[in-house]
Each structure stands twice: as C-alpha cells, then as structure tokens.
Amino acid sequence: TGSVLCRRLGRLPFHRDVKITAANIRILSGVLQRCRENGAVIVVAPEHRLSLQLKAVEAFRGDDEALKNELKLLDETAKYYDVIDESDEVLAHRYQLIYAAGSAELLPSGQSRWVAAQAILKAFNRRGSPMVKVLSQPDLCYRAERERGAGTFDDLRLLSGAVLEQSMSRLSTLVVQDVIDHCPHHLKLLMKAIDLLGRAAVERFTTDREFSLDALRNDMQRQGIQLDGHAILEPLLALRGFLAYGIAAHCLERRHRVDYGVDSSRGKRIRVAVPFRASDAPAPRAEYAQPDTLIMLTTLAYYHQGISRSQVGEAVGELLSLGEVAQRKEYDLWFDSTKLSLAPEDRERIDDIDKLDLSNSSQVDLLHEAYRYNMAAIDFWLSSCVLRRETMQFSHRLVANAFHLCHPGPTSTAVGFSGTKDGHLLLPSYVSQRSPNEPLALSADGKMIELIRRNERVEVLANTAGSLST
C-alpha cells in the first residue's frame with residue numbers, strides 16, 4: 001500500500017514468455033475493474049508495458065478467436081490514465097522493443113561479415129603499420145599495450161570528436177590497405193575481387209559511401225565484367241558496411257564493460273555482446289538488433305575479456321573435428337601468433353596439433369593460459385561456436401518503441417513529469433511539453449547555464465551565429 005496517499009499498489013510484470021489465453025485476459029480485466037473501483041494504482045516498467053502491447057499484436061496475428069475477442073473487449077472497456085515518471089528518460093527515442101517472428105535463418109554472408117570485422121580490428125591493432133602515425137594524433141585514440149603476450153589486442157579506443165571526423169577517410173583507406181596486404185585466408189574472395197576489379201576500385205568502393213554498388217557495376221560493365229550474383233561482392237559489401245558507413249569507428253568509440261560487454265549471468269543462452277547501462281551494469285534482456293554492430297562489439301568484448309577455460313576447450317574440440325589439413329592450417333595461426341610469449345618447455349608441449357589432448361587437465365590449463373587472449377583463437381571460437389547461431393535472423397519483426405507508451409487511445413490518457421527536458425524537441429507530434437507556471441522552475445535552465453559559466457574549467461565558445469554555446 002502507498003501509505004502516504006492511502007492507495008493500493010499493484011504490479012504488472014510481463015515478458016514474451018508469458019502465455020496469454022482468453023481465461024487469463026478475463027482475470028486481468030476483473031483485476032483492473034477492481035482497481036478502478038478502489039482507486040488503486042498499477043505500477044509497470046516501460047519494457048513490460050511494451051512487451052504486453054506486442055504480445056497483444058502477436059495474438060491478433062494468430063488464430064485464437066476467443067483470445068482476440070477478449071482483447072478487443074478489454075481494449076474498448078479499460079479506461080485508465082498513464083502517469084509516466086521521469087518522462088524525459090522513459091520517452092527517449094533510442095529505446096525500442098523487438099519481437100522476432102517467423103522462422104530463423106542464417107545471417108546472409110555471415111562468414112564474410114565476421115571475418116571482415118576481425119580483419120579490421122587486427123589492422124587497427126597492428127604495430128609498425130602506417131596507421132600507427134595517424135592514431136598517434138592528439139585527441140584521436142586512446143591506446144595502452146597490455147601485458148598479455150603476443151597476438152593479443154591492445155586497450156584501444158577511438159575518441160569521438162572533430163579530430164576523428166577529419167581523420168576517418170584516411171583511417172578507412174589505411175585499414176582496407178592493411179586488410180589487403182595481410183588478407184586472411186578466410187577472406188580469400190577479397191583477393192579474387194582485386195584480381196577481377198583492380199585494387200583501386202576495391203579500395204574506393206569499400207571506403208567511399210558516394211561510390212555506390214550501381215556505380216561499381218556500371219564501371220565493370222564498361223570493361224565487360226558482370227557483377228550481379230558474383231560471390232566476390234560478399235567481402236566487399238562487408239568491408240563497405242564497416243568502413244564506409246562508420247560501423248567500425250562507432251564500435252571502437254564504445255567503452256568495454258560500460259557501453260557494451262558480455263553478460264555472464266545469461267550463460268550459454270546468449271554469449272554475444274549486449275548493451276550496458278553503466279559500468280558493469282548490463283541492460284536486462286536487451287540485445288543489439290543490428291547484426292554488424294553485434295558482430296564487431298562481440299569480437300571486441302572477447303578480445304578485451306578473453307575466453308574461459310571451457311571456451312578454449314570448446315574451440316580446441318571444434319578444431320580437432322576438422323580435416324587434417326584444415327586443422328594444421330588453423331592451429332598454425334594460433335601458435336605462430338603466441339609462441340614468442342611461451343616458455344621453451346611450454347612451447348614444446350603445444351607446438352603441434354597432434355600433441356593436443358583435452359583429457360589432459362594440465363595441458364588444457366596451459367592452452368587456456370596461452371590462448372585466452374589470443375585473437376586467432378578467439379576468432380575461430382566465435383566463428384565456429386558462437387556467431388553462426390547467435391546472429392540468425394528472423395523473417396519478420398514486431399517493433400514497439402517508447403513513443404507507443406504515450407500513444408493516444410479512445411480509453412487512455414497519458415501524462416508525465418520530469419525534472420529535465422533534454423529530449424522535448426524529439427517527442428512525437430501528439431505529445432506536448434508544458435512547463436509549470438512557477439518562477440523557480442522556469443528559472444532552472446538559466447541557473448544551470450550560470451553555474452556552468454562560473455566554472456573556470458569550462459570554456460565558453462561563440463558559435464557562428466554569434467550566440468554562446470558550451
């Protein structure tokens with residue numbers, strides 16, 4: 001009970017796994033009716049409310065006529081007020097809830113996408129390349145070498161700002177040049193594309209957003225080359241998405257365990273990166289919908305945190321299931337990239353694929369120590385054990401966003417309150433922000449600006465229009 005207001009409080013948690021039937025809807029309708037009669041308040045989280053709305057949409061797409069009739073009756077008779085606490089945050093445009101529908105299918109060109117992401121990250125991480133000079137510019141990149149041995153990823157993050165925007169074109173060109181010069185064998189179609197189209201055309205297409213696929217087709221047709229349906233387009237389009245459209249830079253600006261990371265509490269059910277709300281605070285039940293962002297952030301997350309002992313064992317088990325030639329070719333990548341960090345006696349124990357024995361506990365410990373942060377081993381584990389399954393796409397999506405929380409309806413009215421108004425210009429057209437007619441409230445913006453201007457650590461700049469901005 002809300003003791004101050006003498007109101008009874010009820011909770012309405014909901015998620016997609018909840019099964020709804022016509023009988024359940026009748027019970028819910030009765031509970032809401034009693035709440036109205038007693039003046040009670042129902043407290044519900046925004047994501048639970050959106051989930052309930054999408055569940056109703058999903059039900060109307062089904063064949064249960066009794067359930068549809070009960071939902072229609074509830075919608076027509078349930079009169080209520082929605083009171084949104086901290087409306088400025090709750091109605092933020094960046095939040096949405098997605099229900100996957102239909103059959104699951106493999107991500108189109110998935111192999112090319114995650115191999116391209118891995119090659120791009122290796123290009124950023126490569127020491128001694130021309131990119132190091134560009135990344136060393138002030139206010140462009142934070143980089144710190146870690147004591148993790150050879151073949152590991154540095155603590156590297158791009159810094160958003162004017163310097164990065166000015167350097168992006170040059171960075172993208174250097175990245176694709178590095179990928180071509182050190183092309184992984186998993187991306188062999190890229191070399192075929194270079195042989196067919198020429199290096200200059202490949203570099204331009206993968207880094208220049210204005211040079212479209214149609215323009216590339218036309219250029220090639222004039223040379224008598226047909227590109228439609230050609231397999232060489234897969235790595236080109238994958239690199240273009242990451243570089244020309246800024247996905248790689250966007251992901252490299254994020255902070256591990258602050259903006260994204262792996263939520264270990266979800267276990268094997270979800271082993272890809274998820275959004276974080278704050279430091280070491282994963283957003284509950286949240287996932288990335290854009291597959292290229294998901295691939296890049298998942299790869300970065302495991303480069304930073306490493307893989308566990310069981311995951312190293314899983315990767316080795318998957319490796320041993322390949323053919324003999326493929327085994328040796330892949331394991332040579334692992335060993336060659338980390339052998340300089342191993343003691344001579346340890347190097348001798350694991351220098352050949354034929355020496356690996358997962359039943360030997362001490363050797364598995366050594367493998368974990370050697371390959372926990374090794375990029376080649378992590379790449380193989382992600383490609384073979386994680387990304388293929390967890391990037392599967394569904395044929396349809398049901399989507400609701402924060403604006404659906406305040407959508408006007410025949411029986412509902414929404415009001416809200418917030419101490420800030422940062423997002424008031426982005427609210428939907430049917431929502432208006434009204435400031436209270438109180439001098440103290442109306443003067444809050446001016447007081448905050450004055451406090452900022454008094455702070456000597458903040459420099460006030462004049463913009464082109466002549467007004468002040470901070």
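Residue indices begin at 1 and follow the sequence shown.
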Quick one, [X] and [Y] - any side-chain contact, counting heavy atoms below 4.5 Å?
{"X": "Asp85", "Y": "Val90", "answer": "no"}
{"X": "Ser383", "Y": "Gln118", "answer": "yes"}
{"X": "Leu233", "Y": "Leu189", "answer": "no"}
{"X": "Met375", "Y": "Lys122", "answer": "yes"}
{"X": "Val44", "Y": "Leu52", "answer": "no"}

Quiz item: Is Arg148 close enough and on-axis enough to Tyr373, meaning under 6.0 Å and within 45°, for cation-pi?
Solution: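 So Arg148 does make the cation-pi contact.
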
Quiz item: Think Arg49 forms a cation-pi with Phe14, using NZ or CZ under 6.0 Å from the six-ring centre and within 45 degrees of its axis?
Solution: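 Judged by the rule, Arg49 and Phe14 form no cation-pi pair.
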
Minimum-distance pair of heavy atoms, taken over all atoms of [X] and [Y]:
{"X": "Cys251", "Y": "Leu300", "value": "O-CD1, 3.9 Å"}
{"X": "Ala273", "Y": "Tyr288", "value": "O-CD1, 3.5 Å"}
{"X": "Asn401", "Y": "Leu50", "value": "O-CD2, 3.4 Å"}
{"X": "Leu398", "Y": "Leu54", "value": "O-CD1, 3.7 Å"}

[X] and [Y]: side-chain donor and acceptor closer than 3.5 Å?
{"X": "Asp214", "Y": "Ser212", "value": "no"}
{"X": "Trp381", "Y": "Glu314", "value": "yes"}
{"X": "Tyr303", "Y": "Asp379", "value": "yes"}
{"X": "Arg255", "Y": "His304", "value": "no"}
{"X": "Trp334", "Y": "Glu330", "value": "yes"}

Is it the case that more than 12 heavy atoms not belonging to [X] sit under 6.0 Å from its [atom1] atom?
{"X": "Asp280", "atom1": "CG", "value": "yes"}
{"X": "Tyr430", "atom1": "OH", "value": "yes"}
{"X": "Arg146", "atom1": "CZ", "value": "yes"}
{"X": "Glu369", "atom1": "CD", "value": "no"}
{"X": "His185", "atom1": "NE2", "value": "yes"}

Quiz item: Under the side-chain contact (heavy atoms from CB on, under 4.5 Å) test, which residues partner Asp75, sequence neighbours left out?
Solution: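 In terms of side-chain contact (heavy atoms from CB on, under 4.5 Å), with neighbours along the sequence ignored, Asp75 is linked to no residue.
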
Using only atom types and a distance under 3.5 Å, with no angle test, would you say the side chain of [X] pairs donor to acceptor with the backbone of [Y]?
{"X": "Thr298", "Y": "Ile295", "result": "no"}
{"X": "Lys68", "Y": "Gly62", "result": "yes"}
{"X": "Asp154", "Y": "Leu156", "result": "no"}
{"X": "Gln393", "Y": "Thr391", "result": "yes"}
{"X": "Thr21", "Y": "Asn24", "result": "yes"}
{"X": "Arg388", "Y": "Leu107", "result": "no"}
{"X": "Asn125", "Y": "Thr152", "result": "yes"}
{"X": "Gln96", "Y": "Val399", "result": "no"}
{"X": "Gln290", "Y": "Thr293", "result": "yes"}

So does [X] pair up with [Y], basic N to acidic O under 4.0 Å?
{"X": "Glu450", "Y": "Arg454", "value": "yes"}
{"X": "Arg26", "Y": "Glu70", "value": "yes"}
{"X": "Asp292", "Y": "Arg113", "value": "yes"}
{"X": "Asp365", "Y": "Arg309", "value": "yes"}
{"X": "Glu58", "Y": "Lys55", "value": "yes"}

Quiz item: Is the distance between the ring centroids of His407 and Phe403 under 6.0 Å?
Solution: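 No - the distance between ring centres of His407 and Phe403 does not fall below the 6.0 Å cut-off.
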
